[in-house]
Amino acid sequence: MDIQALKQEQTTRAAEVVRADDFDVMPPRYIAGADVGFEQGGEVTRAALVLLEYPSLKLIEHRVARIATTMPYIPGFLSFREYPALLAAWEQLEQKPDLLFVDGQGIAHPRRLGVASHFGLLVDVPTIGVAKRRLCGKFEPLGDEPGSRQPLIDKGEQIGWVLRSKKRCNPLFISPGHRVSNDTALHWVETCLQGYRLPEPTRWADAVASNRPAFARLGIPL
DNA sequence: GCGACAG
DNA sequence: ATCTTGTCGC
C-alpha cells in the first residue's frame with residue numbers, strides 16, 4: 001500500500017466531514033456501538049455492531065462480520081484496516097442507528113480523519129469517536145474526580161475532549177466523528193455512561209468484538 | 001536526530 | 001489488537 005496516496009485520500013475526505021450537529025432525530029431513538037477485533041493471528045478481521053435503544057440503553061440487535069484482513073496496523077491509518085469489516089457488519093444491521101459510537105478517534109487525528117470520521121462519511125451517519133488512548137493533541141492534567149474533563153487541542157484547535165469517565169481509571173478520548181460537534185459528542189458519551197469506564201454502546205461492542213467471556217455466557221453467538 | 005504512535 | 005492468572009488496591 002502507498003502511504004502517501006492514503007495520506008492524500010485522508011486529507012481530501014477530511015474536508016467532507018461535517019463537524020456541526022446535523023441530527024435528523026434529537027434525541028436519538030437508537031444508538032449503536034462499533035468495534036473491531038482479530039482472529040487467527042490477525043489474518044481475520046472481526047467487526048461487531050451493537051444496537052441499543054435510547055434511553056433504556058438495552059441491547060436490541062447485534063451483528064458480527066468476518067473478512068480477510070487487508071492491511072497491517074499503522075498508526076494514523078487505522079480506518080483503512082477496519083472499515084471493510086465494519087461495512088460488512090453495517091449491511092447486516094436491520095435497524096440503522098441515529099448515532100454511532102466508534103472505537104477509536106474521530107477528528108482527533110493528524111489529518112482529521114480517524115476511523116469514526118471515515119466510517120461516518122462512508123455510511124453517512126452521525127458518529128462519535130471513543131478512544132481509550134491518545135493519538136495526537138495536547139491537554140492539561142485532569143482532576144481525579146469522575147466527570148473531570150479537558151479539551152484536546154492540536155495545532156491551535158479543539159479536536160475533542162479528554163474525560164475521566166470513572167474513578168481511578170485512565171481517561172477516554174472523545175472526538176466528533178461526522179455530523180456531530182465537540183460538545184455534542186461529549187454530551188452523548190456522558191449520557192451513555194452507566195458506572196463503567198466505557199459508555200454502554202462501546203462497552204457492548206468491545207465485549208462482542210473481543211469475544212469476552214461475559215457474552216459467551218449469555219449465549220450470544222459470535 | 002529523538003520520541004510518539006487509535007486498534 | 002493479541003498472548004493470558006492471579007493479584008494488589010480502592
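To find a chain, count down the sequence lines: A is the first, B the second, and so on, and within it residues start at 1. Scope of the values below: all heavy atoms of this structure, side chains included, with no hydrogens, waters or symmetry mates.
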Take the angle between the ring planes of Y83(A) and H118(A) and call it parallel below 30°, perpendicular above 60°, tilted in between. tilted
Electrostatic pair D206(A)-R197(A), nearest N-O below 4.0 angstrom: no
Roughly, in whole Å, what's the span from CD in E39(A) to P in dT2(C)? 9 Å
So, taking the atom named CD in E53(A) and the one named OH in Y30(A), what distance separates them when rounded to the nearest 0.5 Å? 6.0 Å
Just checking, any donor-acceptor pair under 3.5 angstrom between side chains of S181(A) and D21(A)? yes
Heavy-atom distance under 4.5 Å between the side chains of P97(A) and W90(A), does that happen here? yes
K96(A) NZ: over 12 foreign heavy atoms closer than 6.0 Å: yes
Can you check the D206(A) CG to dT2(C) C1' distance for me, whole Å? 13 Å
CD (Q194(A)) with more than 12 external heavy atoms under 6.0 Å: yes
Side-chain donor-acceptor contact under 3.5 Å, Q10(A) with R111(A): yes
Here DNA chain B, pairs taken as Watson-Crick or G-U under 3.5 Å and shown with ( ), [ ] when crossing and | when to another strand, reads .......
How would nucleotides 2-7 of chain B be written as a contact map, 5' to 3', with B for base contact, S for sugar-phosphate-only contact and - for no contact, using protein heavy atoms under 4.0 Å? --SBBB
